[in-house]
Amino acid sequence: MATRTTTTSSNAQPAPIPGGVPTPRTYKTHLTPFLHRAFLSAALLALGPCYISAIFMSPSTTLWSLNPIGMTGLRTILLFLPVLAVFIIRVMNLHVGKRTTTSMAETLYIQVAASGIKTAATVGWYAFSAWMFGEVYIWSRSRRADLGWVDMGIAGYERPTVNENPILLRSVFVVLAVGQAVLHLARDYDRIAIEETEGRASQVQAEEVSRLPEPIQLLAQQLRPITGKVARLVIPGIVFSIPIYFMFIRRPAWNYLAYPIARVLVRQLPPNNGPTAIMHPLTLLWQALTASTILVVLWELSNAIFTIHVSRPPLKRGQPLTSEVKDASGVVLSRSRDPNGSLIRGLKAKKDVPRAFAFWELYLICTDPHFETRRKSIFADVDRKPLSSWQEISSLCLAEIAAISTRIRVAQEPSASASQQQQQVNSQQQRQMQSAPQFGLPRIARQSVLNDRAVVLPGRGGSARGGAGQALAAVGSAAKSIGQSPTPASGARKGSVAEYSRQAIEYGMNKAGNNTLLSGWQTRAVEFLRTPLGEPFRRTFARTVRAVVLGVPFSNGVDIVHASKSLTALAVISLKEDSFGQAQRDIASIIRVYTSSVLSIRNFIAGLPAHWTDVCFEDGQREVSTTANGNGELDEVRVVLEVLREGLEELMLAFGEYVEGLGLSKAEIRTVRETIGAGGQKRGSEMEKVG
C-alpha cells in the first residue's frame, strides 16, 4: 500500500489539479479504517467464545474457574491466538462474489495451481491454530489426564516411559485442521456475502424481537447451521484421523518428536524401541471428542463473526463512508473534501473489494431517503473535470452492465486457436488427397469444369453458337484423347486395382475399428460421469452460464445489481432533482443498454448448447424463472435479469410521455415493450400506454 510521505500535518490539503478542484482521496483511505473497525469489533466479540471455552477447559469445577482474572483469563488470551489465525486467513483471501468456474475440477485446479500459495498458507495457518489449541488444552489438563510427554509410572515399581497419548491427540487436531482448511476453501468462507447480509439485516430490523446488538442477533441465527457443520467435521475427523495416525504419523512422530523431547525431560528413559501402547484408550477418545468439538466450534464461530462484521454496509455514524461526518455540535469527526470524487475513484478501482463497497455505497446513496442531500450533490456537481459527477457515475454503471453483452459476444465467437487448428486439419487433408495414388480411369481433363455461364455466354467469336461450339469442341478433343491414350497392360491394371482394393479394405477396417474404440471410450466416459465420482468433471450448463454472464473468476452479480438499481433510481429521480437537465440526454443510452443486456442474456441461455460432459442436462434448466429452476443454480443470473427488466420498466414508466423526444425510434420502443413483457406481466396495462 502506497503511503503519502509529503504530508506534514493533519490539516494539509491535497494538491489541486488544473481546474481548481482538489484531488479527491482514494476510496481505500475511507475503506481501510472501516475494515479496521470491523476487524477490532470481530476480535472483541470473538473473545466471548474464547472465554466460554476456557471455562470448559478448566480442570477445576468450582466457581473460581469463572474468574476472568485468574488462569481462566490467561487461557482466554491464549485461545484467542487460534482465532486470530482464522482472521489472518480471512484477510488474506478476502473477496466479493461467488466462484464462477465451469466445473468442480476447474475449481480444484485453480486452488492448487493458480492460487497454490494462498491455499498452502490457509492449510498452514489452520495447522498452527490446531497446534496452538492443542498446547493450551494439554497444558490446562491435570496430571490425572495422562497427557504428559513422560509416564512416570508407579514409584518404585515401574520405569518412566514415553507417553503416546499426547502424540495421538495432537495428530487428531492436525488432521482436523487439514479437513477444516479443505471445507473452508470448498464452502468459500472468504467471500463477503453482501446480498445475504442485506437480507438478514432487513429481517432482523423487521422482526425486532430483541434489543441485542445486530451482530449478536445475526450470530444467533447461524447457531443451528454451525452445530451441523461441527458435527459433520468432528465425528468423521476423529474416525479417519486414528487410522491415518497409525499408518503414517505414529512412527515418524515417535522417533523425531516424542522420544527426543521426553529424553530431554527425563534422562533415565530406556532405549528407543518404538511406540509401546495407548494408555486408557476410552479416556483418550473422550478427550479427543470434547477437545475437537471445542476447537471446531471456535473455528466456525470465528468465521461467522468475521463475516458478519466485514459484510456490514459502508456507513460511518449513519452516513455514507465517503461523506463528511459531524457530531451534534458541528465538530467534524471525519473530513472529506470531495465525497463524490472519492466515490468515483472507488467505482474505478481494479480490485474487487473496494469496487464492490463503492457500488454498495452508491446504491445506499441513491435509494435511501436519509441521504437526499448527498444524492442531490451528484446532479449539482457539474464543474468537475473532465466530466461531471453524473456523467462519471452513469458511465461507470453502464460499463458494468454493458460488460454482460461483451462477455457473451466473446464467448460466442470461435476462438483463434480453434480456427487455426481447423485450417491446419483442412490443409493436411488436401495434401493427403493430392499425394494419394490415382487408380482406375485417367482424368478427363486437367482444366476446370465448364459451368452453364461459360457454355451459354458468347465467346471471343461474338456469338452464342460460337461459344457452344468451342465447348463442344473441347469436350470432343478430351474424349478423343481418352480413346487415343495408351492403356497399361491388363496384368498391371489388375495388379494396381487389386492393390488399391486391398488398401481400401484395410483403411475401412482400421477406420471402423477406430470408430468402435472411440464409441466405446465415449460410452465408458459418459457412464463414469453419471456416477458421483464423475460429478466434479461435469461442465454443467448452469456453471457455464454463470461464468459468462457474471464474469470470472468471481461473480460480479452484486456489482451489476447495485449499478443497475443505482442508475435507475438516479434516472427516475432526475425528473425532480436534476436542475441542469444532464440526465435526459443519457436516458436513451441507458434504455438501449438495459434492453441489449436483457436480450443478450435470454438469447444466450436459449441458444447455448450443453457440453457433452453435462450428462444430467435437461431443457428445463434453460428456464431462469423462480418456479422452473428450483435447484437455485441460476438464481444469481435470474436476479440480475429481473433487476435489469424492472429497471427498464421503471424507466419506461417514468419517461413514457417523453420517450419519443429522447431519441428512441418506434421500433426500439416496441422492442423495449416486448422485452419487458417477456419477463412478466406486472404493470402490463400501464405499459400499453407507453409509446
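This is a predicted model, so every value here is computed, not measured.
- With values rounded to the nearest 0.5 angstrom, Leu45 atom CG is found 4.0 Å from Ile305 atom CD1.
- Looking at heavy atoms from C-beta onward, Trp299 lies in side-chain contact with Val86 at the 4.5 angstrom threshold.
- Remark: side-chain polar atoms of Thr100 are paired, donor with acceptor, to backbone N or O of Gly551 under 3.5 angstrom.
- Considering every non-hydrogen atom in both Gly274 and Asn272, the closest pair reads N-OD1, 3.1 Å.
- Looking at Thr613, its side chain does come within 3.5 Å of a backbone N or O of Arg539 through a donor-acceptor pair.
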- Message: Checking Tyr245 against Val172 for the side chain to side chain contact (heavy atoms under 4.5 Å, CB included) test, could you report, in this order, the C-alpha distance in whole Å, the side-chain angles of both residues, the deciding distance, and whether it holds?
- Response: CA-CA 8 Å; Tyr245 168 76; Val172 170; over 6 Å; no
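- What you find for Pro166 and Leu147 is that their closest heavy atoms are CB-O, 3.5 Å.
- Within the model, atoms CZ of Phe306 and CD1 of Ile88 stand 10.5 Å from one another, a figure rounded to the nearest 0.5 Å.
- Side chain of Arg25 to backbone of His30: no donor-acceptor contact under 3.5 angstrom is found.
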- Item | side chain to side chain contact (heavy atoms under 4.5 Å, CB included) evaluation trace for Phe39 with Leu35 | CA-CA 6 Å; Phe39 187 92; Leu35 295 178; over 6 Å; no
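- By the 4.5 Å heavy-atom criterion applied to side chains, Lys28 and Arg345 are not counted as neighbours.
- Residues Ile365 and Leu343 have side chains in contact (heavy-atom distance under 4.5 Å, counting atoms from C-beta outward).
- Using cut-offs of 30° and 60° for the angle between ring planes, the His562 and Trp360 rings count as parallel.
- By the 6.0 Å contact criterion, CZ on Phe246 is enclosed, its count of non-hydrogen atoms from other residues, nucleotides or ligands being greater than 12.
- Taking a cutoff of 4.0 Å between a charged side-chain nitrogen and a carboxylate oxygen, Asp188 and Lys98 do not qualify as a salt bridge.
- With Thr290 contributing its side chain and Gln287 its backbone, the two residues share a donor-acceptor pair below 3.5 Å.
- Rounding to the nearest 0.5 angstrom, the gap separating the CD atom in Glu214 from the CG atom in Leu219 is 12.5 Å.
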- May I have the step-by-step check of side chain to side chain contact (heavy atoms under 4.5 Å, CB included) for Trp149 and Val162, ending in yes or no? CA-CA 6 Å; Trp149 286 107; Val162 180; 5.7 Å; no
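- Heavy-atom neighbours of Trp286 CH2 from other residues, nucleotides or ligands within 6.0 Å: at or below the threshold of 12.
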- Task: Run the numbers on Asn303 and Gln180 for side chain to side chain contact (heavy atoms under 4.5 Å, CB included), then give the verdict.
- Result: CA-CA 11 Å; Asn303 280 297; Gln180 177 69 18; 4.1 Å; yes
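- Across all non-hydrogen atoms, the minimal contact from Val234 to Ser292 is CG2-O, 3.9 Å.
- Under the 4.5 Å side-chain criterion, counting only non-hydrogen atoms from C-beta, Asp614 is not in contact with Arg543.
- Counting heavy atoms from C-beta on, the side chains of Leu79 and Phe133 come closer than 4.5 Å.
- The line from CD1 of Ile249 to CG of Leu168 is 9.0 Å long, rounded to the nearest 0.5 Å.
- Across all non-hydrogen atoms, the minimal contact from Arg159 to Leu269 is NH2-C, 4.4 Å.
- Ring geometry for Tyr137 against Phe173 counts as perpendicular: the plane angle is over 60°, on a 0 to 90° scale with 30° as the lower cut.
- Rounded to the nearest 0.5 Å, atoms CD1 (Ile77) and SG (Cys50) are 10.5 Å apart.
- A 6.0 Å sphere centred on CD1 of Ile235 holds no more than 12 heavy atoms belonging to other residues, nucleotides or ligands.
- Using modelled atom types and a 3.5 Å distance limit, the side chains of Arg90 and Thr307 yield a donor-acceptor pair.
- Side chain of Asp190 to main chain of Leu94: no donor-acceptor pair is present (N/O by atom type, distance under 3.5 Å, no hydrogens or angles).
- The closest side-chain donor-acceptor pair between Tyr27 and Glu361 falls under 3.5 angstrom.
- For Thr544 (side chain) and Thr102 (main-chain N/O), no donor-acceptor pair under 3.5 Å exists by modelled atom type.
- Side chains of Thr107 and Thr101: a donor-acceptor N/O pair is present below 3.5 angstrom, by distance only.
- Of the possible polar contacts, one joining the Asn165 side chain to the Met279 backbone as a donor-acceptor pair under 3.5 Å is found.
- Residue Phe528 qualifies as enclosed at atom CZ: its count of foreign heavy atoms under 6.0 Å is above 12.
- Side-chain contact, Asn93 with His184: no donor N or O sits under 3.5 Å from an acceptor N or O.
- Residues Asn163 and Asp146 bring no donor and acceptor atom of their side chains to less than 3.5 Å of each other.
- Between the side chains of Glu135 and Trp131, at least one donor N or O lies within less than 3.5 Å of an accepting N or O.
- Taking OG of Ser53 as the reference point, atom CD1 of Ile294 lies at 5.5 Å (rounded to 0.5 Å).
- Across all their heavy atoms, Ser103 and Pro536 have their closest contact at CB-O, 3.6 Å.
- A side-chain donor-acceptor contact under 3.5 Å links Ser41 to the backbone of Arg37.
- At least one side-chain heavy atom of His36 sits less than 4.5 Å from a side-chain heavy atom of Thr32.
- A heavy-atom distance below 4.5 Å is not found between the side chains of Ser241 and Leu176.
- With Arg355 contributing its side chain and Asp559 its backbone, the two residues share no donor-acceptor pair below 3.5 Å.
- A donor-acceptor contact shorter than 3.5 Å links the side chain of Tyr51 to the backbone of Leu66.
- In plain terms, the two heavy atoms of Arg546 and Glu633 that are nearest each other are NH1-O, 2.7 Å.
- Using a cut-off of 4.0 Å between Lys/Arg side-chain N and Asp/Glu carboxylate O, Arg250 and Glu164 are scored as salt-bridged.
- Counting heavy atoms from C-beta on, the side chains of Phe80 and Leu47 come closer than 4.5 Å.
- With respect to the salt-bridge test (charged N to carboxylate O, under 4.0 angstrom), the residues Glu106 and Arg99 do not qualify.
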